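Below you'll find the structure, written out as structure tokens, and then a few comments.
These figures come from a predicted structure and were not determined experimentally. Starting from 1, each residue takes its place in the sequence as its number.
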Amino acid sequence: FYTLSNETVAFRSQNFTNNLRSYLLSHLSDSLDVNTIAADLGISRSRLYLECSKYLGMGIAEYIRELRIDKAKELLRTTDKKITEIASDVGFDDYNYFCRFFKKALGKSPVTYLNEYRIKQAVELLQTTDLPVMDVCLDCGFNNLGNFLREFKKDTGLTPLQYRKR
């Protein structure tokens, strides 16, 4: 009777999840289907479903959705790409569907997510630097001072100058 050690099981789990994650991230903009994924990983469809459930605690479709949302959030935070480009980069041909999908997953639209992230950056800059408000606005990715001021006040209840002085 052959028994696998916990180390062997952990290695297999890590190996599977690393291989799957790497494969999916490199194909995120593609139309992913289970047959292709399984074939490219050299396993059967049923093995793919079983391994995902066993090692990830979720199905392959849910895992792909999670990776797509995580990648979209990363691209929103770290690039100046338009949301339509980001949608395409994470496998959505339809911008409107991407926005609905994003909102369903996070409870907020991509624009709201991005604005909240930028305002958090602005708060940090206002607390730690003496940069003029216009520089804070631009450094955080806002191209329009009026929009920055509106979003900042909506999020914090204060103008940037009021926030800095408190």
Side-chain angles (χ1 to χ4, degrees), residues 10 13-34 36-37 52-166:
S13 167
Q14 191 66 35
N15 194 30
F16 171 77
T17 55
N18 286 344
N19 287 343
L20 180 62
R21 181 179 177 79
S22 178
Y23 173 84
L24 292 175
L25 287 174
S26 66
H27 292 86
L28 216 49
S29 63
D30 301 343
S31 176
L32 294 167
D33 71 274
V34 176
T36 305
I37 296 167
C52 284
S53 179
K54 182 177 179 181
Y55 297 130
L56 300 173
M58 65 182 82
I60 183 68
E62 185 179 352
Y63 186 58
I64 291 168
R65 286 191 296 269
E66 187 177 280
L67 288 177
R68 284 184 163 150
I69 287 295
D70 288 347
K71 186 65 175 181
K73 288 172 17 183
E74 175 191 331
L75 292 171
L76 284 166
R77 291 188 312 265
T78 61
T79 70
D80 290 331
K81 289 183 174 188
K82 294 180 180 182
I83 295 174
T84 53
E85 293 175 82
I86 292 172
S88 179
D89 288 350
V90 297
F92 291 88
D93 295 330
D94 183 342
Y95 166 78
N96 292 319
Y97 178 67
F98 168 74
C99 290
R100 286 192 309 274
F101 179 83
F102 192 96
K103 187 169 186 170
K104 184 176 181 184
L106 296 179
K108 57 185 86 171
S109 71
V111 171
T112 301
Y113 175 85
L114 181 57
N115 284 338
E116 287 176 359
Y117 174 76
R118 288 175 173 173
I119 295 301
K120 284 179 188 170
Q121 286 184 301
V123 164
E124 179 72 22
L125 287 173
L126 289 167
Q127 290 173 340
T128 60
T129 71
D130 291 328
L131 288 172
V133 172
M134 186 64 186
D135 289 349
V136 171
C137 166
L138 296 173
D139 286 354
C140 294
F142 287 95
N143 297 320
N144 178 300
L145 182 60
N147 187 38
F148 170 67
L149 295 173
R150 186 173 41 260
E151 289 297 324
F152 193 91
K153 189 161 188 171
K154 183 172 79 175
D155 201 46
T156 65
L158 302 167
T159 68
L161 285 177
Q162 290 169 333
Y163 187 87
R164 181 176 267 163
K165 288 179 184 176
R166 67 179 186 109

For Glu74, which residues count as a salt bridge (Lys or Arg N to Asp or Glu O under 4.0 Å) partner, sequence neighbours excluded? Lys71
Ion pair present between Glu151 and Lys154, side-chain N to carboxylate O less than 4.0 angstrom? yes
Only one of Lys81, Arg77, Lys82 forms a side chain to side chain contact (heavy atoms under 4.5 Å, CB included) with Thr79, so which one is it? Lys81
So do Leu20 and Ile60 actually touch side chain to side chain, heavy atoms under 4.5 Å? yes
Among Asn18, Asn19, Thr17, whose side chain to side chain contact (heavy atoms under 4.5 Å, CB included) with Asn15 holds? Asn19
Is Glu116 salt-bridged to Lys108, cutoff N-O under 4.0 Å? yes
Can you classify the ring geometry of Phe152 versus Tyr163 as parallel (below 30°), tilted (30 to 60°) or perpendicular (above 60°)? perpendicular
State, with a plain yes or no, whether a side-chain heavy atom of Lys73 is found less than 4.5 Å away from one of Val90. no
Is atom CZ of Arg21 surrounded by more than 12 heavy atoms (other residues, nucleotides or ligands) closer than 6.0 Å? no
Show every donor-acceptor pair shorter than 3.5 Å between a side-chain atom in residues 93-102 and any protein atom, with sequence neighbours excluded, or say none if there are none.
residue : atom : partner : partner atom : Å
Asp94   : OD1  : Asn96   : N            : 2.9
Asp94   : OD1  : Tyr97   : N            : 3.3

Is there side-chain contact between Ile64 and Ile37, with at least one heavy-atom pair below 4.5 Å? yes
Only one of Leu126, Leu125, Ile119 passes side chain to side chain contact (heavy atoms under 4.5 Å, CB included) with Pro160, and that residue is Leu126
Rounded to the nearest 0.5 Å, how far apart are CD1 of Ile86 and CG of Asp80? 9.5 Å
Student check: side-chain heavy atoms of Arg65 and Ile69 closer than 4.5 Å: no
Donor-acceptor pairs are to be reported for all side-chain atoms of residues 130-145 against protein atoms at under 3.5 Å, with residues two or more places apart or in another chain.
residue : atom : partner : partner atom : Å
Asn144  : OD1  : Gly146  : N            : 2.8
Asn144  : OD1  : Asn147  : N            : 2.8

Rounded to the nearest 0.5 Å, what separation is found between the CG atom of Asn115 and the CG atom of Leu76? 10.5 Å
Rounded to the nearest 0.5 Å, what separation is found between the CG atom of Leu161 and the OG1 atom of Thr159? 5.5 Å
Report yes if some heavy atom in the side chain of Leu106 is under 4.5 Å from a heavy atom in the side chain of Tyr113; otherwise report no. yes
Can you tell me how far CG of Leu67 sits from CD of Glu62, rounded to the nearest 0.5 angstrom? 11.0 Å
Tell me, do Leu32 and Arg68 make a side-chain contact under 4.5 Å, heavy atoms counted? yes
Ser29 versus Ser88, closest heavy-atom pair with distance: CB-O, 3.5 Å
